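Here's the structure we're looking at; comments come further down.
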Amino acid sequence: MKAVMLVDAVDNAICPTKIVCIGRNYVDHIHELGNEIPEEMVVFLKPNSAITTQLQSQHQGESLHYEAELCFLFQQGRFSHAAVGLDLTKRALQNQLKAKGLPWERAKAFDGAALFSPFIAIEDPDAAIDFTLSIDGQQVQAGHVDLMINKPSAILAQLQTFMSLEDGDVVMTGTPKGVGSIPANSLFNVSLHQGIKADTAPCVQWQWRSA
């Protein structure tokens with residue numbers, strides 16, 4: 001089983017049984033891809049085998065797109081930790097599947113389709129949390145809990161109406177505008193802030209070099 005890492009924890013490696021992903025949760029990103037605002041929360045899954053620490057620009061010859069997301073770790077009935085994750089997507093294949101009304105797993109759940117910074121402990125998932133993604137020093141995405149259509153606590157409540165979450169499961173809460181293709185040999189840097197960004201240093205900073 002693949003693991004994610006916790007900051008400042010005795011047992012700092014956690015193996016999620018699954019990754020639950022929320023789609024179309026930022027209005028600007030919905031418009032960016034030409035989609036409609038959903039009437040109900042969009043949910044799909046990635047398996048544990050999707051977790052990786054290596055950022056690839058291609059998979060089986062198909063180019064990949066990045067989507068930076070605020071992610072939460074589920075423990076003891078609540079979201080206990082937060083991180084920044086990358087949801088990697090085969091965009092061309094996803095568009096083909098969507099046009100046929102088919103599921104997205106071939107475009108979203110392949111091996112190596114999910115990367116995560118270390119997770120940091122939090123008290124309130126709906127508090128002021130923001131995150132950014134920069135590529136080669138240029139910021140390309142910025143998200144904040146306040147910009148979400150479905151806030152973290154609402155996401156958890158809805159998921160628990162039809163799905164059991166196990167301790168260690170990860171929930172990815174959707175991506176803001178600014179998604180794009182992954183250039184090879186580029187430095188991806190993510191950061192996460194809690195509280196007023198101007199007054200606080202990042203709680204989490206992490207980077208990957210794309211291959």
Side-chain angles (χ1 to χ4, degrees), residues 1-22 44-56 64 66-88 108-135 141-145 148 151-153 155-157 159-160 163-175 182 186-197 199-211:
M1 293 281 284
K2 304 292 183 66
V4 298
M5 305 303 293
L6 307 186
V7 176
D8 297 329
V10 175
D11 298 321
N12 66 342
I14 301 291
C15 295
T17 67
K18 57 185 172 294
I19 304 165
V20 184
C21 305
I22 307 304
F44 62 96
L45 300 179
K46 291 178 184 277
N48 174 275
S49 57
I51 298 172
T52 185
T53 58
Q54 303 296 317
L55 177 58
Q56 301 291 331
L64 301 179
Y66 62 84
E67 298 183 4
E69 309 198 11
L70 179 60
C71 305
F72 292 98
L73 186 76
F74 179 83
Q75 286 183 318
Q76 298 181 344
R78 58 181 288 266
F79 286 154
S80 62
H81 294 72
V84 183
L86 295 182
D87 168 10
L88 303 191
K108 289 279 194 179
F110 53 90
D111 289 354
L115 297 90
F116 301 98
S117 75
F119 282 76
I120 189 168
I122 59 168
E123 294 296 330
D124 180 5
D126 288 346
I129 304 176
D130 66 79
F131 65 96
T132 61
L133 166 65
S134 298
I135 302 176
Q141 287 192 279
H144 194 286
V145 167
M148 294 179 179
K151 302 298 189 288
S153 59
I155 290 172
L156 179 57
L159 290 176
Q160 290 180 314
M163 178 186 298
S164 295
L165 295 177
E166 305 295 336
D167 279 358
D169 284 351
V170 172
V171 176
M172 306 184 77
T173 59
T175 192
I182 299 173
S186 292
L187 188 63
F188 281 60
N189 192 302
V190 295
S191 64
L192 182 149
H193 289 81
Q194 294 187 81
I196 301 173
K197 183 174 181 179
D199 296 336
T200 59
C203 297
V204 175
Q205 283 188 304
W206 201 248
Q207 62 184 29
W208 303 273
R209 172 72 66 174
S210 60

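No experiment lies behind these values; they were computed from the predicted model shown.
Judged by distance alone, the side chains of Ser210 and Gln56 never bring a donor and an acceptor atom under 3.5 Å apart.
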Please step through side chain to side chain contact (heavy atoms under 4.5 Å, CB included) for the pair Phe116 and Val190, ending with a clear verdict. CA-CA 10 Å; Phe116 301 98; Val190 295; over 6 Å; no
Output, in order, the C-alpha distance, side-chain angles, deciding distance and verdict of side chain to side chain contact (heavy atoms under 4.5 Å, CB included) for Tyr66 and Ile135. CA-CA 11 Å; Tyr66 62 84; Ile135 302 176; 3.6 Å; yes
Apply the test side chain to side chain contact (heavy atoms under 4.5 Å, CB included) to residues His144 and Ile129: give CA-CA distance (whole Å), side-chain angles for both, the deciding distance (0.1 Å), then the verdict. CA-CA 6 Å; His144 194 286; Ile129 304 176; over 6 Å; no
Could you go through the side chain to side chain contact (heavy atoms under 4.5 Å, CB included) check for Val171 and Leu156 one step at a time? CA-CA 9 Å; Val171 176; Leu156 179 57; 5.9 Å; no
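With sequence neighbours excluded, no residue satisfies side-chain hydrogen bond (donor to acceptor under 3.5 Å, both in side chains) with Thr52. With sequence neighbours left out, the ring pair (Phe, Tyr, Trp, His ring centres under 6.0 Å) criterion links Phe74 to no other residue. The salt bridge (charged side-chain N to carboxylate O under 4.0 Å, His left out) search around Lys108 returns Glu67, Asp87, not counting sequence neighbours. Partners of Asp169 according to the side-chain hydrogen bond (donor to acceptor under 3.5 Å, both in side chains) rule, which considers only residues two or more places apart in sequence or in another chain, are Thr17, Lys18. Applying the side-chain hydrogen bond (donor to acceptor under 3.5 Å, both in side chains) rule to Ser80 yields the partners Gln75; only residues at least two apart in sequence or on another chain are considered.
When all heavy atoms of Phe131 and Val84 are compared, the pair lying nearest together is CB-CG2, 3.8 Å. A pairwise comparison of heavy atoms in Pro125 and Val145 identifies O-CG2, 3.8 Å as the closest pair. Taking all atoms of both residues into account, the shortest heavy-atom contact from Leu70 to Ala82 is CD1-CB, 4.4 Å. Among all heavy-atom pairs drawn from Gly174 and Glu69, the shortest one is N-OE1, 2.8 Å. Looking at every heavy atom in both residues, Trp206 comes nearest to Ser117 through CB-CB, 3.6 Å. Smallest separation of non-hydrogen atoms from Ala114 and Lys46: CB-CD, 4.0 Å.
Looking at heavy atoms from C-beta onward, Phe110 lies in side-chain contact with Leu64 at the 4.5 angstrom threshold. By the 4.5 Å heavy-atom criterion applied to side chains, Thr53 and Leu115 are not counted as neighbours. At least one side-chain heavy atom of Leu133 sits less than 4.5 Å from a side-chain heavy atom of Leu86. Side-chain contact between Asn48 and Ile19 is absent, with no heavy atoms from C-beta onward closer than 4.5 Å. Side-chain contact between Leu73 and Phe79: absent, with no pair of heavy atoms (C-beta onward) separated by less than 4.5 Å. Residues Phe72 and Pro152 meet the side-chain proximity criterion, which asks for heavy atoms closer than 4.5 Å. Side-chain contact between Ile51 and Pro16 is present, with at least one heavy-atom pair separated by less than 4.5 Å. In this structure the side chain of Leu55 reaches within 4.5 angstrom of the side chain of Leu88, judged on heavy atoms.
With rounding to the nearest 0.5 angstrom, the CG atom of Leu6 is 10.5 Å from the CD1 atom of Ile120. Rounded to the nearest 0.5 Å, atoms OG (Ser134) and CD (Gln207) are 11.0 Å apart. Taking CD of Gln141 as the start and OG1 of Thr132 as the end, the distance is 10.0 Å to the nearest 0.5 Å. Taking CD1 from Ile22 and CD1 from Ile155, the interatomic distance works out to 5.0 Å, rounded to the nearest 0.5 Å. Of the inter-residue distances, the one linking His193 atom NE2 with Asp130 atom CG reads 6.0 Å to the nearest 0.5 angstrom. Annotation: the span from Ser49 atom OG to Lys2 atom NZ amounts to 6.5 Å, rounded to 0.5 Å.
Although no hydrogens or angles enter the test, the distance criterion places a donor-acceptor pair under 3.5 Å between the side chain of Thr175 and the main chain of Ala68.
Sorted by first then second residue, the salt bridge (charged side-chain N to carboxylate O under 4.0 Å, His left out) pairs that include residues 110-128, not counting sequence neighbours, number zero.
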